[in-house]
Amino acid sequence: MVTFERKEIISATQLVRQFSTFLTELSNRTLNKIAIIRNNEMEAVVLPVAEYERLVTSAKQASQKLIKDFFGSLDSESAAQMEAAIKECRKVDLNEW
């Protein structure tokens, strides 16, 4: 779970009224993130673009590693069965059934 400092938690109304200020604080790294609260519930998080891009890249790399690890653990018979199933699915996509 991500934790937030008190100054990083703001209401949606406060964000609307002081948007430029918060955007500047994110750009200057005075704030690392902002949690937006509406009706006493956390609704969204605002991040600097560089941090968002870093998170997306990390998630893609983790996903690729999981896929690589999964397929690397398959024995040849299981891999052949999976390949056959994929070919059958492609027939449906190409209307060859």
Side-chain angles (χ1 to χ4, degrees):
M1 182 170 176
V2 177
T3 58
F4 292 88
E5 295 179 26
R6 182 164 171 73
K7 67 181 181 178
E8 296 175 324
I9 302 171
I10 63 169
S11 69
T13 302
Q14 188 179 3
L15 177 65
V16 169
R17 289 181 181 157
Q18 297 176 301
F19 183 78
S20 180
T21 300
F22 287 115
L23 193 57
T24 299
E25 289 180 350
L26 286 167
S27 296
N28 294 339
R29 294 300 217 166
T30 305
L31 292 174
N32 294 318
K33 60 192 174 300
I34 297 172
I36 302 168
I37 305 299
R38 183 172 60 179
N39 299 325
N40 295 320
E41 294 287 330
M42 188 180 306
E43 292 287 334
V45 174
V46 180
L47 301 171
V49 172
E51 179 64 11
Y52 172 78
E53 289 173 345
R54 186 191 69 75
L55 289 171
V56 169
T57 299
S58 294
K60 284 180 182 178
Q61 289 172 345
S63 178
Q64 290 170 352
K65 182 179 179 336
L66 287 171
I67 291 169
K68 183 179 177 184
D69 290 349
F70 172 76
F71 284 109
S73 68
L74 288 178
D75 59 57
S76 58
E77 182 180 339
S78 296
Q81 289 173 349
M82 187 173 286
E83 184 177 5
I86 291 169
K87 285 180 183 178
E88 288 298 311
C89 290
R90 287 189 179 139
K91 286 182 183 179
V92 172
D93 289 343
L94 299 172
N95 294 318
E96 294 179 2
W97 259 10

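Sequential numbering from 1 along the given sequence is applied to the chain's residues.
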Colleague: Which residues pass the side chain to side chain donor-acceptor pair (under 3.5 Å) test with Arg17, sequence neighbours left out?
Modeller: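 For Arg17 there are no side chain to side chain donor-acceptor pair (under 3.5 Å) partners, ignoring immediate neighbours.
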Colleague: Excluding sequence neighbours, so at least two apart, what forms side chain to side chain contact (heavy atoms under 4.5 Å, CB included) with Ala35?
Modeller: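 Partners of Ala35 under the side chain to side chain contact (heavy atoms under 4.5 Å, CB included) test: Phe4, Ile9, Met42.
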Colleague: Could you list the cluster mates of Val49? Members are the ILVMFWY residues connected by side-chain heavy atoms closer than 4.5 Å, either directly or through other members.
Modeller: none
Colleague: Asp75: what forms a side chain to side chain donor-acceptor pair (under 3.5 Å) with it, not counting sequence neighbours?
Modeller: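 Checked Asp75 against side chain to side chain donor-acceptor pair (under 3.5 Å); matches are Ser78.
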Colleague: Tell me every residue that passes side chain to side chain donor-acceptor pair (under 3.5 Å) with Thr13, counting only those two or more places apart in sequence or in another chain.
Modeller: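 Scan of Thr13 (side chain to side chain donor-acceptor pair (under 3.5 Å), adjacent residues dropped) gives none.
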Colleague: Can you name the nearest heavy-atom pair linking Val2 to Lys33, along with the distance?
Modeller: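 For Val2 and Lys33, the tightest heavy-atom pair comes out as CG1-CE, 3.7 Å.
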Colleague: In chain order, what residues pass the salt bridge (charged side-chain N to carboxylate O under 4.0 Å, His left out) check against Glu83, with sequence neighbours excluded?
Modeller: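 Per chain and number, Glu83 pairs via salt bridge (charged side-chain N to carboxylate O under 4.0 Å, His left out) with Lys87.
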Colleague: Using distance only, find each side-chain donor-acceptor pair of residues 19-32 under 3.5 Å and give its atom names and separation, not counting sequence neighbours.
Modeller:
from	atom 1	to	atom 2	distance (Å)
Thr24	OG1	Ser20	O	2.9
Ser27	OG	Leu23	O	3.0
Asn28	ND2	Thr24	O	3.4

Colleague: Please list, one pair per line, the donor and acceptor atoms closer than 3.5 Å that link side chains of residues 54-66 to other protein atoms, with sequence neighbours excluded.
Modeller:
from	atom 1	to	atom 2	distance (Å)
Arg54	NE	Glu51	OE1	3.2
Arg54	NH2	Glu51	OE2	2.8
Thr57	OG1	Glu53	O	3.0
Ser58	OG	Arg54	O	3.1
Lys65	NZ	Asp69	OD2	2.7

Colleague: What distance do Ile36 atom CD1 and Ile10 atom CD1 have between them, rounded to the nearest 0.5 Å?
Modeller: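 Taking CD1 in Ile36 and CD1 in Ile10, the distance rounds to 5.5 Å.
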Colleague: State which residues pass side chain to side chain contact (heavy atoms under 4.5 Å, CB included) with Gln81; sequence neighbours excluded, sorted by chain then number.
Modeller: Glu77
